[in-house]
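Input: a single structure, listed below in structure tokens.
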Amino acid sequence: MRKIIGLGEVLYDVLPLGAKLGGAPANFAYHASQFGFDAMAVSAVGNDVLGDQALSTFDENGLKYIIPRVPYPTGTVNVSLDAEGVPTYTFTPNVAWDHIPFTPEMEDAAKDACAVCFGSLAQRSEDSKKTIMSFLDATPEACLKIFDINLRGNFYDKETIRNGLRHCDILKINDEELVIVGRMFDYPGLDMEEKCRIIMHRYHLKMVVLTCGTNGSYVFAPNDFKSFQPTPKVEVADTVGAGDSFTGSFTAAILSGKSVEEAHALAVKVSAFVCTQKGAMPKLPAELTK
């Protein structure tokens, strides 16, 4: 079975009730793995206690990884939650995932990948940006590349976003990020669907996945295809990792041969469940993964 790869940052979300291991690529890979895929996280951690704990946690969760140890501290991010459980992130600079080396083992994994998810955050440093681009360039032509844009703080620029769009098949973006990207690329005065379709056609994408929080989510594809799913009302513990679980389950469903509508409906159910749990990597109930 070919591999699904989450590529980028591994870090600890320091939440009000303690530290939880996360980072979008590992969260994505973990959730894809729950659907029976050979999924792995690709990143870097430090030669420190948090690095030990991270690899131990991945082992306990049965998540495969290629995560070299590098001479920088394992990444942390302080997460504060508002009354609705929506997070704000403060990232530690110059950490292990800023210095991911492109190893021969990573190149082998890239050549065997059927899907890769990457974002903009891990490209805040030149070292990791080069590794991410080298990895994407080493994947087979048929590999499904998902750009989960994941704008955080000021760790992005127009060129990084444009380059990500040129290297992906599917863009995953939320409504707030779409406003930022729309301004950056001079798409003023257009509605959300028009912006998504302009991006899709300009960069020859297979799909744009747009999430709008409590206002539902959309999948746009060529030939005026549109899928909409309302957001289920659930009791939110926190929303950390919910978007990554959406992307991981959506990708797994598409690769399993489900229709876009079926994959979309499953992704919404999975992310709603993750919102009811604390932390980014809860075990999904069997009725969602069968």
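Here the structure is a predicted model, which means the values were calculated and not measured.
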(message) Distance alone, cut at 3.5 Å: any donor-acceptor contact between the side chains of Glu261 and His264?
(response) no
(message) Within the structure provided, determine whether Arg152 and Val77 are in side-chain contact (heavy-atom separation under 4.5 Å).
(response) no
(request) Check whether any side-chain heavy atom of Phe58 sits under 4.5 Å from a side-chain heavy atom of Met281, and report yes or no. (result) yes
(message) Can you confirm whether more than 12 heavy atoms, excluding those of Lys64, are under 6.0 Å from its NZ atom?
(response) no
(message) Whether the side chain of Asp48 engages the backbone of Thr74 through a donor-acceptor N/O pair (distance < 3.5 Å, no angle test) should be reported.
(response) yes
(message) For Asp112 versus Arg2, what's the shortest heavy-atom pair and its separation?
(response) O-CB, 3.3 Å
(request) Report, as yes or no, whether the 6.0 Å neighbourhood of atom NZ on Lys269 holds more than 12 heavy atoms from other residues, nucleotides or ligands. (result) no
(request) Quick one: closest heavy-atom pair of Val45 and Ala54, and the distance? (result) CG1-CB, 4.3 Å
(request) Can you establish whether the number of heavy atoms outside Glu287 located under 6.0 Å from its atom CD is more than 12? (result) yes
(message) I'd like to know if the side chain of Lys172 and the backbone of Gly243 have a donor-acceptor N/O pair within less than 3.5 Å.
(response) yes
(request) Using a 4.5 Å cut-off on heavy atoms from C-beta on, say whether the side chain of Leu21 contacts that of Val10. (result) yes
(request) Can you measure from CD (Glu235) to OG1 (Thr276) and round to the nearest 0.5 angstrom? (result) 9.0 Å
(request) State the CZ-CZ distance between Phe155 and Arg124, to the nearest 0.5 angstrom. (result) 4.5 Å
(request) State plainly whether one hydrophobic cluster holds both Val70 and Val95, where clusters connect Ile, Leu, Val, Met, Phe, Trp and Tyr through side-chain heavy atoms under 4.5 angstrom apart. (result) no
(request) Please examine the side chains of Pro232 and Val268, heavy atoms only from C-beta on, and report whether any two atoms are closer than 4.5 Å. (result) yes
(message) Is there a side-chain contact between Phe35 and Leu255 in this structure, where contact means two heavy atoms from C-beta onward sitting under 4.5 Å apart?
(response) no
(request) Could you label the plane-to-plane angle of the Tyr218 and Phe228 rings as parallel, tilted or perpendicular, counting under 30° as parallel and over 60° as perpendicular? (result) tilted
(request) Over all heavy atoms of both residues, which pair between Ser245 and Ser271 is shortest? Give the atoms and the distance, please. (result) OG-CA, 3.3 Å
(request) Flag the pair Ile4 / Cys114 as yes when at least one side-chain heavy-atom distance between them is below 4.5 Å, and no otherwise. (result) yes
(request) Using a strict 4.0 Å threshold on nitrogen-to-oxygen distance, state whether Asp13 and Lys20 make a salt bridge. (result) no
(message) Using every non-hydrogen atom in the two residues, find where Thr247 and Cys117 come nearest and quote the distance to one decimal.
(response) CG2-SG, 4.1 Å
(message) Within the supplied structure, the quantity of interest is the number of heavy atoms (other residues, nucleotides, ligands) at a distance under 6.0 Å from Lys233 NZ; does it exceed 12?
(response) no
(message) Over 60° means perpendicular and under 30° means parallel, so tell me whether Phe118 and Phe147 are parallel, tilted or perpendicular.
(response) parallel
(message) Ignoring hydrogens, what is the shortest heavy-atom contact between Pro68 and Pro101? Give both atom names and the distance.
(response) CG-CG, 3.8 Å
(request) Can you measure from CD (Gln277) to CG (Leu284) and round to the nearest 0.5 angstrom? (result) 9.0 Å
(message) What I'd like to find out is whether the side chain of Phe273 reaches to under 4.5 Å of the side chain of Val270, using heavy atoms alone.
(response) no
(request) Grab the two heavy atoms, one from Leu210 and one from Asp175, that are nearest each other, plus how far apart they are. (result) CD1-N, 3.8 Å
(request) May I ask you to check whether over 12 heavy atoms, not counting those of Glu105, lie within 6.0 Å of atom CD? (result) no
(request) Using distance alone, with no hydrogens and no angle criterion, decide if Asp59 and Tyr65 have a side-chain donor and acceptor under 3.5 Å apart. (result) yes
(request) Taking the side chain as every heavy atom from C-beta outward, state whether Asp98 and Tyr72 have any atom pair closer than 4.5 Å. (result) no
(request) Please determine, by modelled atom types, if Thr160 and Ser120 share a side-chain donor-acceptor pair under 3.5 angstrom. (result) no
(message) Check Asp52 with Arg69, please: is the shortest side-chain N to carboxylate O separation under 4.0 Å?
(response) yes
(message) Would a single hydrophobic cluster contain both Ile198 and Val179, if residues Ile, Leu, Val, Met, Phe, Trp and Tyr are joined by side-chain heavy-atom contacts under 4.5 Å?
(response) no
(request) Using the rule that two of Ile, Leu, Val, Met, Phe, Trp, Tyr join whenever any of their side-chain heavy atoms come within less than 4.5 Å, decide whether Val260 and Val209 are in one cluster. (result) yes
(request) Can you establish whether the number of heavy atoms outside Arg166 located under 6.0 Å from its atom CZ is more than 12? (result) yes
(request) Give a yes or no on whether Tyr187 and Met184 share a hydrophobic cluster (residues Ile, Leu, Val, Met, Phe, Trp, Tyr; joining criterion: side-chain heavy atoms under 4.5 Å apart). (result) yes
(request) Before accepting this row, confirm whether a basic side-chain N of the pair Arg197/Glu194 lies closer than 4.0 Å to the acidic partner's carboxylate O. (result) no
